[in-house]
Amino acid sequence: MSIYTNVDQFLSVDTPFYYYDIGLLQKTIKSAKEALGNGPYQIHYALKANSNPRILNEVLKFGLGADCVSGNEVNRAIEVGFDPKNILFAGVGKTDREINSGIKHDIFGFNVESLEELKVLEQLSKTSGKKTRFALRINPNVDAGTHEYITTGKRDNKFGITLEELSLAISLIKSLEYTEFIGIHFHIGSQIIDLSRFKELVDRCNEVQSLLLDHSFELPHINVGGGLGIDYDQPDKNSIADFNGYFSCFKRNLVQLPNQTLHFELGRSLVGQCGTLIARVLYIKPAEKTSFMILDAGMTELIRPALYRSLHFIQNLSSQEGSEVYDVVGPVCETSDAFARGLSMPKAKRGDLLAICSAGAYGEAMASQYNLRDAAPCIFSDDFK
Ligand code: LLP
């Protein structure tokens, strides 16, 4: 991984910063595309994982579409060059302004999450005088087996319409004049490692499709969302997600109609491993059971450990000697601002450089300026060439 070849150059750079390995990003997207193969398939990159323009430029080069969840993400996608015809707009709480902007740009389609939203889309389309396209997001009531905060396809989650609401939705759809029903959409959650959960999703997709066929809806698009997990424990060993297993689950089991395109919305699995948060040790402070290793990066740069108690692999780039147990914490005034507790690592000292791995997805994208901290800059592997 080029991070290790660049360590010397890092020494003169102010920390913390995000380091992106562009070679790995390209390799990852290429692997995903190869695993998917040719056919009536389309990957839409989920901008929410990382909307850095430099990253988006790379994604764009591979011909992926964009999956957006806010008006600003739609604008960002257009700014960097995505064709509006390849942009999807999802989210449970789209404002009228955001919907109008999507209509104005004539995006590929809206993933509609409630019957009330569908009525609003119909009304706003009518007012604009333009016909819009939508897919109905359906909550399949499948447990993704991931952290509860990133589980989205269970009945009590706020996303999509329930299977019980489907017949009501069908009558509403039949009355629409300014919106065209082009597909169904699902997304059961994120960081999904157990691929059998996707098989459960596929079973539900097939049921919904056959019900819709009974009502003479032969839809040109089916979108199964994203959610494929990455290896946070061994990012070096498994830097590429299991795209083969993931895509073949859908290709093997989904009943895809003739002339129907199958869409995926991947975020984390495409960009997660190419990003690393580089920090410096500020202080080592003895504590009751362990020592605190206090870094100059914290939850403001990578909130995942504080929010989901997720563990990112941490490596001391300056020292491989000795061993000590640390609570690796950030500088922010919150006890939750910790990257790891009770972690055995080489003995560290003030000034050591640390790599907090797998920070390419939902790292920079979820950064905040809490405590009025500066936004961390980004460095790309090709900056060193
Ligand atoms: N499509 C929809 C409708 C989504 O809600 C999401 C993610 C994706 C696609 C992309 O999912 P991915 O392939 O990245 O798993 N902040 C959390 C993750 C939140 C995911 C939200 N939705 C984290 O850091 O783990």
Side-chain angles (χ1 to χ4, degrees), residues 28-29 32 36 42-51 55 59 64-70 73-74 77 87-94 109-114 117 134-140 142 144-154 157-161 183-195 197-198 201 222-232 240-243 246-247 250 263-275 277 299 301-312 339 356-368:
T28 308
I29 303 176
L36 183 58
Q42 168 79 346
I43 303 175
H44 299 263
Y45 168 64
L47 263 79
K48 63 179 83 68
N50 190 317
S51 50
I55 300 284
V59 170
L64 272 51
D67 163 41
C68 302
V69 284
S70 72
E73 282 192 358
V74 172
I87 296 179
L88 299 172
F89 185 9
V92 288
K94 305 177 193 76
F110 293 83
N111 289 341
V112 167
E113 305 236 6
S114 67
E117 183 194 332
F134 76 92
L136 199 58
R137 176 167 181 178
I138 293 161
N139 183 324
V142 169
T146 183
H147 190 282
E148 61 169 319
Y149 289 179
I150 52 175
T151 294
T152 54
K154 280 168 71 177
N157 298 141
K158 67 181 173 183
F159 302 96
I161 66 153
I184 42 175
H185 172 234
F186 304 83
H187 173 75
I188 57 171
S190 198
Q191 184 51 20
I192 301 169
I193 293 294
D194 175 4
L195 295 183
R197 309 294 174 138
F198 290 116
L201 167 63
I222 181 160
N223 182 336
V224 291
L228 175 62
I230 60 171
D231 192 340
Y232 282 97
I240 307 286
D242 183 8
F243 293 118
Y246 172 73
F247 288 127
F250 292 96
H263 299 256
F264 298 89
E265 300 170 337
L266 294 175
R268 184 191 319 263
S269 53
L270 298 178
V271 296
Q273 300 292 24
C274 78
L277 176 61
M299 64 193 290
E301 288 70 46
L302 183 66
I303 200 173
R304 303 193 67 259
L307 201 53
Y308 319 114
R309 287 195 174 257
S310 57
L311 191 60
H312 288 242
F339 290 110
I356 303 166
C357 299
S358 318
Y362 307 108
E364 188 185 352
M366 294 179 82
S368 79

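One-based numbering, in listed order, for ligands and for the atoms of each. Residues take their numbers from the sequence shown, with the count starting at 1.
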Protein heavy-atom partner closest to atom 20 (C) of ligand 1 - residue, atom, separation in Å:
Y362 OH, 3.6 Å
Side chain, backbone, both or neither: the part of R137 lying under 4.0 Å from ligand 1 by heavy atom
side chain
If we set the cut-off at 4.0 Å for heavy atoms, which region of Y149 has an atom near ligand 1: side chain, backbone, both, or neither?
neither
Is the NZ or CZ atom of K94 both under 6.0 Å from the centre of the six-membered ring of F110 and within 45° of that ring's axis?
no
Is any side-chain heavy atom of R137 less than 4.5 Å from a side-chain heavy atom of I161?
no
Non-hydrogen atom of A90 closer than 4.0 Å to ligand 1:
no
Within-4.5 Å side-chain heavy-atom neighbours: R197 and I188
yes
Which residue and atom name correspond to the protein heavy atom nearest atom 25 (O) of ligand 1, and how close is it?
R268 NH2, 2.8 Å
Does the residue M366 have a heavy-atom contact with ligand 1, meaning some pair of atoms that are separated by less than 4.0 Å?
yes
List the closest protein heavy-atom neighbour of atom 16 (N) of ligand 1: residue, atom name, distance to the nearest 0.1 Å.
Y308 OH, 2.7 Å
Which residue holds the protein heavy atom closest to atom 19 (C) of ligand 1, what is that atom called, and what is the gap in Å?
I150 CG2, 3.7 Å
Would a 4.5 Å heavy-atom cut-off, applied to side chains only, mark I230 and S358 as touching?
yes
Would you say that F247 contacts L228 through its side chain, given a criterion of any heavy-atom pair below 4.5 Å between the two side chains?
no
Could an N or O of ligand 1 be found under 3.5 Å from any N or O of G227, whether backbone or side chain?
yes
Quick one: nearest non-hydrogen protein atom to atom 15 (O) of ligand 1, plus distance?
S190 OG, 2.4 Å
Give the contacting part of H187 toward ligand 1: side chain, backbone, both or neither, where contact means a heavy-atom distance below 4.0 Å.
side chain
Y149 vs H147 aromatic rings, parallel, tilted or perpendicular, using cut-offs 30° and 60°?
perpendicular
Nearest protein heavy atom with distance in Å, relative to atom 22 (N) of ligand 1:
K48 CD, 3.5 Å
Close approach, T152 and ligand 1, non-hydrogen under 4.0 angstrom:
no
Closest to atom 9 (C) of ligand 1 among protein heavy atoms sits E265 O, 3.3 Å
Does ligand 1 have a heavy atom under 4.0 Å from the side chain of R304, from its backbone, from both, or from neither?
side chain
